[in-house]
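Structure first, commentary second.
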Amino acid sequence: MYVLKFNETLNEAKKVTKLGFINIVICYILYSLVVGLMSFLLLGSDDNMSFILLANIIGAFICVVYIVIVGKRTFVSLGMDINKIGSYITGCIFSALALFIIWLFNILSGAVKTSFNSELNVYVLLFLMVGFIFQGFMEEFLLRGLLFVQLALKTGVVIGLILNSLIFALMHLGNAGASLISTVNTFLIGLAFSMMYYYHDNIWVVSGFHSGWNFILGPVLGIPVSGFMLPSTILKTSLSSELTLLNGGSYGFEAGLPVTFIAVCIIAAYTVLIYKQNKSFKNNQL
């Protein structure tokens, strides 16, 4: 099997004496407790996505503080190098371009029809924007900053990439409208995210892509985000029931074949980039 070198994040994580799965489990428990509390407080509400976003805002602070203070992780060992935070915008732009291609294909094929939403609530939209910033970061912090790093240190980078992506896909199986295509696509998207995290050696690019993807997909385009409908969107979008292979049906674009194509293209591009990066590293070692 092709062996990939450890990047700065992984090398820094190797130095942490308290690094282990136990702290990852505790972080997931803390996050689950916050989600459970938000669910209890908003019992009876039809807006499931809002409480999930609120839970991510609170959970992000709690988990980062725990893992830094108790887990003794440095920001660099989490991929959170402050000097690279500017690359967050790059990830957002990257996600916007990818979604524009997918959205345009669906529009031209008649799989979706859109119109401006005259009932848009700007305050709710702003909350969703902030919420998705934290939600994207929180998922990347848990899955890439913690889980992928631990898996890569234990099994190697390649196996870590695959296992991490598989876990990401399994986490979405219970979402409304989930299907075989949505599960395959979620695995592919997870693999693309993991490769971004590894190649760019920071969490900011992939967090920007993740948050940008979810915000543009839901609050902007009016498409379900992994099966979740949003309370307020800029566009009202109707999905053709006859072209669900393209628009993804009730699950959203992520259960459609255009996303499969884009995800494969991103994976192919990063495969080449990672190969060249590792080849350059090996040549410099000679």
Side-chain angles (χ1 to χ4, degrees), residues 34-35 37-60 89 91-139 172 174-179 182 185-186 189 207-256 258-259 262:
V34 173
V35 172
L37 178 61
M38 291 298 103
S39 178
F40 175 77
L41 293 176
L42 297 174
L43 192 64
S45 173
D46 294 327
D47 185 10
N48 292 330
M49 179 56 79
S50 290
F51 89 73
I52 289 175
L53 294 178
L54 184 58
N56 277 277
I57 294 173
I58 299 171
I89 301 300
C92 292
I93 295 172
F94 191 10
S95 68
L97 291 173
L99 271 175
F100 176 74
I101 294 171
I102 295 165
W103 177 78
L104 184 62
F105 183 86
N106 273 275
I107 286 288
L108 295 177
S109 65
V112 301
K113 292 182 179 179
T114 64
S115 61
F116 283 101
N117 182 10
S118 60
E119 300 176 353
L120 172 67
N121 187 318
V122 177
Y123 297 106
V124 173
L125 184 70
L126 290 174
F127 167 74
L128 292 174
M129 181 177 69
V130 174
F132 274 120
I133 288 173
F134 280 92
Q135 180 268 338
F137 168 79
M138 189 61 192
E139 284 200 28
H172 291 75
N175 290 18
S179 63
S182 75
N185 282 352
T186 305
I189 292 170
S207 291
F209 190 103
H210 197 153
S211 296
W213 175 280
N214 286 349
F215 179 73
I216 295 170
L217 185 63
V220 176
L221 298 179
I223 304 293
V225 179
S226 300
F228 288 93
M229 292 296 297
L230 280 299
S232 187
T233 62
I234 294 175
L235 298 178
K236 280 188 174 180
T237 301
S238 59
L239 309 176
S240 170
S241 59
E242 297 177 356
L243 296 171
T244 56
L245 281 176
L246 300 180
N247 60 42
S250 62
Y251 192 86
F253 281 173
E254 292 157 322
V259 167
I262 291 296

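All heavy atoms count here, side chains included; hydrogens, waters and symmetry mates do not. From a predicted model like this one, the values you see are computed outputs, not experimental measurements.
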Return the orientation label for the F100 and W103 ring planes: parallel under 30°, perpendicular over 60°, tilted otherwise.
tilted
To the closest 0.5 Å, what do you measure between CD1 (I216) and CD1 (I223)?
12.5 Å
Which atom names give the shortest non-hydrogen contact between W213 and S95, and what distance separates them?
N-OG, 3.4 Å
N175 side chain to A178 main-chain N or O, any donor-acceptor pair under 3.5 Å?
no
Quick one: pull up OG in S211 and CG in N56 and give me the separation to the nearest 0.5 Å.
9.5 Å
Determine, stepwise, if the pair L126 / V122 fulfils side chain to side chain contact (heavy atoms under 4.5 Å, CB included).
CA-CA 6 Å; L126 290 174; V122 177; 4.3 Å; yes
I need the minimum non-hydrogen distance between M138 and G59, along with the two atoms involved.
CE-O, 3.7 Å
Check step by step if side chain to side chain contact (heavy atoms under 4.5 Å, CB included) holds for L235 and N117.
CA-CA 5 Å; L235 298 178; N117 182 10; over 6 Å; no
Enter the distance from Y251:OH to L239:CG here, rounded to the nearest 0.5 Å.
14.5 Å
For the residue pair M129 and L125, establish whether any side-chain heavy-atom pair is separated by less than 4.5 Å.
no
Measure the shortest side-chain to side-chain distance between L53 and F134 over non-hydrogen atoms and say whether it is less than 4.5 angstrom.
no
Pairs flagged by side chain to side chain donor-acceptor pair (under 3.5 Å) wherever residues 229-250 is involved - sequence neighbours left out
none
Atom SG of C92 and atom CZ of F215: how far apart are they, to the nearest 0.5 Å?
10.0 Å
Between L128 and P231, is any pair of side-chain heavy atoms under 4.5 Å apart?
yes
dist I133:CD1 -> S207:OG (nearest 0.5 Å) comes out at 11.0 Å
Side chain to side chain contact (heavy atoms under 4.5 Å, CB included) between L221 and T114: does it pass, once the steps are laid out?
CA-CA 8 Å; L221 298 179; T114 64; over 6 Å; no
Could you state the interatomic distance from NE2 (H210) to CZ (F132), rounded to the nearest 0.5 Å?
9.0 Å
Tell me, do L108 and L104 make a side-chain contact under 4.5 Å, heavy atoms counted?
yes
Side chain proximity check, P258 to L246, heavy atoms < 4.5 angstrom:
yes
Evaluate S182 against E254 for side-chain hydrogen bond (donor to acceptor under 3.5 Å, both in side chains), listing each step before the verdict.
CA-CA 6 Å; S182 75; E254 292 157 322; over 6 Å; no
